[in-house]
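Worksheet for the structure shown next.
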Amino acid sequence: MRYLSTRGTAPTLGFRDVTLAGLASDGGLYIPEAWPQFGADEIAAMAGLSYAETAVRVMLPFVGDDLSEDELRDLCTQAYGRFAHAAVTPLVQLDQRHWLLELFHGPTLAFKDVALQLLGLLFEKFLTGSSTHLTIVGATSGDTGSAAIDAVAGRHGVDIFMLHPQGRVSDVQRRQMTTVLAPNVHNIAIDGSFDDAQALVKAMFNDPGFSGRFALSAVNSINWARLMAQIVYYFYAAVRLGAPDRKIAFAVPTGNFGDVFAGYAAARMGLPIERLVVATNVNDILHRALSSGDYSAGTVTPTAAPSMDIQVSSNFERLLFDAGGREGQALAEQMRGFESTRAMRLTNIQQTEAARWLVSDRVDAGEMAQTMRWAAESGQIVDPHTAIGLAAARRAETGVAPIVTLATAHPAKFPDAVERSTGIRPGLPGRVGDLFEREERYDALPADFDAITAYIAERAQPR
Ligand SMILES: Cc1ncc(COP(=O)(O)O)c(C=O)c1O
Ligand SMILES: N[C@@H](CCOP(=O)(O)O)C(=O)O
């Protein structure tokens with residue numbers, strides 16, 4: 001399997017190099033040169049498999065010759081062995097039509113663990129025997145940061161620099177990052193939004209002086225390996241609910257468009273997905289883009305679902321490339337226009353092709369709170385992000401297909417918002433129960449390229 005850049009000029013790479021590179025050298029994102037295809041028989045044969053074994057079947061075509069099947073199996077067994085639920089990502093039925101896919105049983109209580117536990121092991125595997133020292137730079141609106149830090153803390157050959165928007169993540173999210181005191185973990189609170197943090201990270205990759213000095217890599221969903229690992233749970237859930245004989249719909253609380261792009265990839269690979277519902281909060285650029293072709297970024301409004309407070313969604317570029325006919329040069333032009341004006345229109349083909357798979361919805365604070373109460377009445381406490389997905393699922397028209405909402409975070413990560421809406425304050429699971437007694441360490445910096453790169457350069461090891 002080779003990978004192409006969405007902007008058409010970076011060299012094509014194999015899986016190992018794509019995993020270590022993160023972002024393509026032309027500023028684009030890597031995407032498989034073709035979607036592996038799974039026939040009905042292969043999907044049916046996944047019935048009854050464990051999560052780790054399903055992961056091996058789904059991911060094997062993506063890793064090419066860089067890992068043997070046994071090596072991949074060993075990594076999946078280790079990664080998913082750390083989850084607190086035997087099913088890794090269990091399904092919970094809410095009513096006749098609605099299901100939750102609980103993705104928060106990993107070490108840091110959010111769906112990010114599913115991919116990042118594996119990515120940490122992939123880094124280690126690919127660096128064994130090499131003298132390269134990786135400098136991971138990442139941006140987080142709360143959950144990627146803690147999951148990535150957990151995955152690489154204390155690992156040899158890696159430093160991680162994680163930027164989060166100061167004061168715009170929950171206390172639990174912040175502490176899950178800042179109380180990890182391993183010497184290779186560096187937390188930076190920036191005076192700005194998640195979009196500012198993400199733009200700074202991309203600028204580091206695109207700056208030849210900086211990226212030439214350090215072996216940069218990414219843990220955000222700009223890294224293909226993240227999305228690859230997220231495709232697995234769409235297969236796992238759909239098969240459990242009757243695929244390939246029955247179509248399934250999914251509702252996905254969306255911010256950076258990684259999770260729902262993984263669902264789109266699953267559909268492209270042959271999984272019978274009836275519809276993917278892209279659910280946004282009031283930071284609704286994706287809803288506007290998918291419903292009217294208007295991809296224009298405003299300023300971010302802080303909400304009770306902070307991990308979705310994003311205007312510029314990295315992975316939307318992958319959708320525009322794939323749905324738009326894979327024209328790298330044309331997309332590079334379109335993205336350059338967006339980068340200078342923060343606005344663009346989707347082409348007709350991008351819009352029409354995306355609409356074959358995706359619908360969108362925008363959920364405001366009142367609807368989110370009401371949905372949290374509805375779920376609580378049926379015995380399920382859901383976090384604000386999941387509530388946004390569930391609200392969109394409840395009003396989505398999906399024919400007869402069951403609809404699965406991705407439950408992306410444990411409610412205890414957002415105890416204040418959950419308590420405000422339901423009157424119930426969720427407690428942290430025992431394994432992180434002492435979070436508020438742990439010492440915190442982080443530095444606060446302005447959202448300024450020179451300040452941040454100087455900070456990193458002082459602490460990172462050159463390539
Ligand atoms: C809890 C939670 N839900 C939903 C999202 C949105 O997912 P994505 O950025 O992949 O669209 C995030 C952030 O990524 C998150 O942390
Ligand atoms: N909501 C995310 C934002 C970053 O998304 P990613 O999937 O690209 O890493 C977060 O929690 O940090």
Side-chain angles (χ1 to χ4, degrees), residues 22-23 29 101-104 106 108-116 119 136-149 151 160 162-165 168-170 172-174 176-177 187 193-199 201-202 218-227 229-231 233 250-265 276-281 283 285-287 300 303-319 358 360 363 368 382-390 392 405-414 417-418:
L23 196 68
L29 303 178
L101 179 61
E102 292 186 347
L103 300 173
F104 51 71
T108 69
L109 314 177
F111 77 100
K112 311 287 180 169
D113 289 320
V114 178
L116 281 160
L119 186 58
I136 294 173
V137 287
T140 185
S141 54
D143 288 329
T144 294
S146 49
I149 287 169
I160 183 164
M162 186 53 65
L163 278 55
H164 72 267
R168 300 195 196 190
V169 300
S170 78
V172 174
Q173 288 179 310
R174 190 193 67 252
Q176 283 184 310
M177 297 187 274
N187 278 293
S193 66
F194 168 78
D195 286 334
D196 297 327
Q198 180 156 260
V201 166
K202 286 192 174 174
V219 283
N220 283 108
S221 55
I222 55 179
N223 190 321
W224 167 256
R226 278 275 314 272
L227 298 193
Q230 291 175 219
I231 295 170
Y233 45 72
F250 290 90
V252 188
T254 299
N256 223 6
F257 206 76
D259 213 3
V260 74
F261 188 81
Y264 169 87
L276 290 157
V277 181
V278 177
T280 73
N281 63 18
N283 296 296
I285 181 171
L286 290 168
H287 174 51
V300 176
T303 73
S307 299
M308 290 161 66
D309 292 346
I310 297 176
Q311 286 282 343
V312 182
S313 296
S314 272
N315 288 286
F316 203 55
E317 176 165 345
R318 286 190 166 109
L319 178 76
L358 303 162
S360 64
V363 175
M368 180 196 76
V382 298
D383 95 287
H385 305 77
T386 304
I388 286 169
L390 191 52
T405 297
L406 270 50
T408 48
H410 192 291
K413 290 194 97 162
F414 308 95
V418 173

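Every number for a ligand or one of its atoms is a count from 1 in the order of the listing. Only this structure's heavy atoms are used, side chains among them; waters, hydrogens and symmetry mates stay out.
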Per atom 9 (O) of ligand 1, closest listed option by heavy atom (Asp309, Leu103, Val169, Asn256):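 Residue with the shortest heavy-atom distance to the ligand atom: Asn256.
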Could you tell me the residue and atom name of the protein heavy atom closest to [atom], and the distance to it rounded to 0.1 Å?
atom                    : result
atom 13 (C) of ligand 1 : Lys112 NZ, 3.1 Å
atom 15 (C) of ligand 1 : Ser307 CB, 3.3 Å
atom 11 (O) of ligand 2 : Asp143 N, 2.7 Å
atom 12 (O) of ligand 2 : Thr140 OG1, 2.6 Å
atom 10 (C) of ligand 2 : Ser141 OG, 3.2 Å
atom 8 (O) of ligand 2  : Ser221 OG, 2.5 Å
atom 11 (O) of ligand 1 : Gly255 N, 2.7 Å
atom 2 (C) of ligand 1  : Thr408 OG1, 3.4 Å

Does any N or O in the side chain of Asn283 come within less than 3.5 Å of the main-chain N or O of Ile310, such that one atom is a donor and the other an acceptor?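 A pair under 3.5 Å: no.
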Quick one: which ligand 1 atoms are inside 4.0 Å of a heavy atom on [X]?
X      : answer
His385 : 1 (C), 2 (C), 3 (N)
Asp259 : 10 (O)
Gly258 : 8 (P), 10 (O), 11 (O)
Phe257 : 8 (P), 9 (O), 11 (O)
Ala409 : 1 (C)
Asp143 : 1 (C), 2 (C), 15 (C), 16 (O)

Which distance, rounded to the nearest 0.5 Å, do you find between the OG of Ser307 and the CG of Asn256?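 Reported to 0.5 Å precision, the distance equals 11.0 Å.
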Quick check: Asn315 and ligand 2, any N/O pair under 3.5 Å apart?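 Checking ligand 2 against Asn315, no N or O pair falls under 3.5 Å apart.
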With respect to Gln198, determine whether any N or O atom, backbone or side chain, lies less than 3.5 Å from an N or O atom of ligand 2.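 It does not: no N or O of Gln198 is found under 3.5 Å from an N or O of ligand 2.
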For ligand 2, is Gln173 a contact, meaning one of its heavy atoms is under 4.0 Å away?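 No, Gln173 has no heavy atom closer than 4.0 Å to ligand 2.
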With a 4.0 Å cut-off on heavy atoms, is [X] in contact with ligand 1?
X      : result
Val260 : no
Pro253 : yes
Phe111 : yes

Per-atom contacts, ligand 2 versus Thr144 - under 4.0 Å to a heavy atom: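 Counting from 1, the qualifying ligand atoms are 2 (C), 4 (C), 5 (O), 6 (P), 7 (O), 9 (O), 10 (C), 11 (O), 12 (O).
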